[in-house]
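To start, the structure itself, in structure tokens.
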Amino acid sequence: MRKWTVWIGVAVSAVALLLAFRGVEWGELIRAASQADYAYLLPAALLMLAAIAARAERWRWLLGGRDRVGYWRSYRAVSIGYLMTNVLPFRLGELVRPIVISRGGAISAVHALSSIAVEHVLDVVMILALLAVVLPDLPLPPLVAQGARLSAVAFGGAAVVMMLLVVAHKRVERAVVRFLDAISWIDTPTWLRRFNSAMEGLSVLRSPRLFVMSTLWTLIGWLASVASLYCAMLAFVPAASLTSALFATVTSTLVLLVPSTPGYIGVLEWALRDSLVLFGWSPEVALACAISFHFMELAVMNVSGVGCLVREGLSWSAMMSTVREAETRHDVAVTVED
């Protein structure tokens with residue numbers, strides 16, 4: 001792991017923590033935390049598990065449909081990926097997902113990695129669509145509105161590029177072959193296979209059925225996430241609105257694109273606090289809710305991830321060493337030995 005990447009994440013999280021705790025009165029924060037009805041965190045946790053389950057089903061469709069990979073292998077890969085993301089900086093835990101899913105032999109790691117790129121574009125396009133639902137009624141700060149517009153442009157552009165790659169696949173393949181042939185020390189057939197494997201991850205864009213089902217499960221996953229946050233909010237403000245939960249989910253997700261420490265410590269608290277303050281919450285109550293929700297989210301993801309790691313018969317040290325190798329070589333087409 002490169003030390004400078006770790007320190008960048010630490011710096012970002014430190015700044016985010018300062019922003020999250022700015023102007024907060026400690027006595028009021030403790031009072032808000034002590035008066036909350038934490039029974040609401042149980043349905044919030046169950047809904048968080050439902051969101052993970054929906055994303056595991058969505059990934060099966062992104063990988064080519066239910067016939068390509070079993071549900072529980074997909075769920076274990078997704079859960080282990082979340083676990084490692086909570087440990088490793090810069091979302092490096094996502095390198096684990098292709099490795100785990102490729103253990104079944106039906107899906108290559110490169111194919112799986114390219115499908116994750118499509119997944120991220122679908123996610124951001126979906127949350128931007130959800131943001132559009134509540135945007136007209138909200139007096140957003142200029143920085144938030146500008147961030148939403150930039151995200152829309154960036155991920156809309158990524159979606160267009162992916163569609164062009166799919167439409168002009170053969171033409172792009174010929175251009176790749178010419179480029180590889182021009183470099184004498186590169187083995188063209190090997191790298192061409194890797195390119196075609198990566199392009200296979202975009203196959204969902206060629207099939208209306210795969211695309212519709214992937215989009216549907218994306219929507220279900222995000223609605224479950226919104227409902228999870230809403231339940232956590234009810235523990236602190238019984239009259240909390242579903243609109244505020246939707247808006248806080250969207251803005252916190254966009255903020256999480258910023259590199260930070262593993263588990264997004266500080267960044268999620270800041271995003272949730274400032275989002276809820278826009279709806280009239282006091283900074284202390286909003287921050288207490290954000291901390292409680294984040295703790296619950298990490299607990300659910302990590303317990304599920306550890307259970308799946310054991311079920312896959314993988315050791316922690318083996319996963320860490322494999323991620324380091326993949327990071328160093330910039331090649332996730334590797335396998336983990338039992």
Test side-chain contact (heavy atoms from CB on, under 4.5 Å) on Val78 and Val100 and set out the steps. CA-CA 9 Å; Val78 170; Val100 175; over 6 Å; no

Is there a ring-ring contact (aromatic ring centres under 6.0 Å, His included) between Trp26 and Phe21? Walk through the geometry before answering. CA-CA 9 Å; Trp26 286 93; Phe21 280 89; 5.4 Å; yes

The test is side-chain contact (heavy atoms from CB on, under 4.5 Å); show your working for Tyr40 and Met296 and say whether it passes. CA-CA 11 Å; Tyr40 281 102; Met296 178 277 297; over 6 Å; no

I'd like to know whether Asp274 forms a side-chain contact (heavy atoms from CB on, under 4.5 Å) with Leu19, so could you lay out the CA-CA distance, the side-chain angles of the two residues, the decisive distance to 0.1 Å, and finally the verdict. CA-CA 9 Å; Asp274 281 14; Leu19 292 172; 5.8 Å; no

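Checking Arg97, Arg55, Arg60 one by one against Glu119, the salt bridge (Lys or Arg N to Asp or Glu O under 4.0 Å) holds for a single residue, Arg97.
The local environment of CG in Asp37 is crowded, with over 12 non-hydrogen atoms from other residues, nucleotides or ligands closer than 6.0 Å.
When all heavy atoms of Ala51 and Gly221 are compared, the closest pair comes out as CB-O, 3.7 Å. Closest of all the heavy-atom pairs between Val267 and Ser13 is CG2-OG, 4.3 Å. Here the shortest heavy-atom pairing between Met301 and Ile52 reads CG-CD1, 4.2 Å. When all heavy atoms of Ser74 and Ile101 are compared, the pair lying nearest together is CA-CD1, 3.7 Å. Taking each heavy atom of Arg273 and Ala286 in turn, the nearest pair found is O-CB, 3.7 Å. Between Leu276 and Ser244 the shortest heavy-atom distance is CD2-O, 4.4 Å.
A continuous path of ILVMFWY side-chain contacts below 4.5 Å connects Val237 to Leu278, so both sit in one hydrophobic cluster. Residues Leu242 and Met48 share a hydrophobic cluster, clusters being chains of Ile/Leu/Val/Met/Phe/Trp/Tyr side chains in contact below 4.5 Å. A continuous path of hydrophobic side-chain contacts links Leu229 to Leu246 [ILVMFWY only; heavy atoms under 4.5 Å]. By the criterion of side-chain heavy atoms lying less than 4.5 angstrom apart, applied directly or through intervening Ile, Leu, Val, Met, Phe, Trp or Tyr residues, Phe293 is grouped together with Val226 in one hydrophobic cluster. Val15 and Leu17 are assigned to two separate hydrophobic clusters, defined by single-linkage of ILVMFWY side chains at heavy-atom distances under 4.5 Å.
Counting heavy atoms from C-beta outward, Val69 and Trp59 have side chains that stay 4.5 Å or more apart. The side-chain heavy atoms of Val250 and Trp222, taken from C-beta on, include no pair separated by under 4.5 Å. Side-chain contact between Thr253 and Thr249 is present, with at least one heavy-atom pair separated by less than 4.5 Å. At a threshold of 4.5 Å between non-hydrogen side-chain atoms, the residues Leu272 and Cys289 do not count as touching. Considering only heavy atoms from C-beta on, Leu298 comes within 4.5 Å of Ile265 through its side chain. In this structure, Thr243 and Phe279 have side chains that are in contact, with non-hydrogen atoms separated by less than 4.5 Å. Counting heavy atoms from C-beta outward, Leu122 and Leu62 have side chains that approach closer than 4.5 Å. Taking the side chain as every heavy atom from C-beta outward, Asp123 and Arg58 approach each other to under 4.5 Å.
Considering OG of Ser115 and CD1 of Ile107, their distance stands at 8.0 Å, rounded to 0.5 Å. Atom-to-atom distance recorded for Leu309:CG and Ser304:OG is 11.0 Å, nearest 0.5 angstrom. In this structure, NE2 on His294 lies 12.0 Å from OG on Ser292, to the nearest 0.5 angstrom. Between Ser79 atom OG and Arg311 atom CZ the span is 13.0 Å, to the nearest 0.5 Å. Rounded to the nearest 0.5 Å, atoms CG (Leu223) and OG1 (Thr218) are 10.5 Å apart. Between the SG atom of Cys308 and the CG atom of Leu83 there is a distance of 9.0 Å, given to the nearest 0.5 Å.
Under 3.5 Å, the side chains of Ser275 and Thr251 contain a donor-acceptor pair of N or O atoms.
Aromatic ring orientation, Phe236 versus Tyr38: perpendicular (interplanar angle above 60°, classes split at 30° and 60°).
For the pair Arg68 and Trp61, the cation-pi test (distance below 6.0 Å, angle within 45°) is failed.
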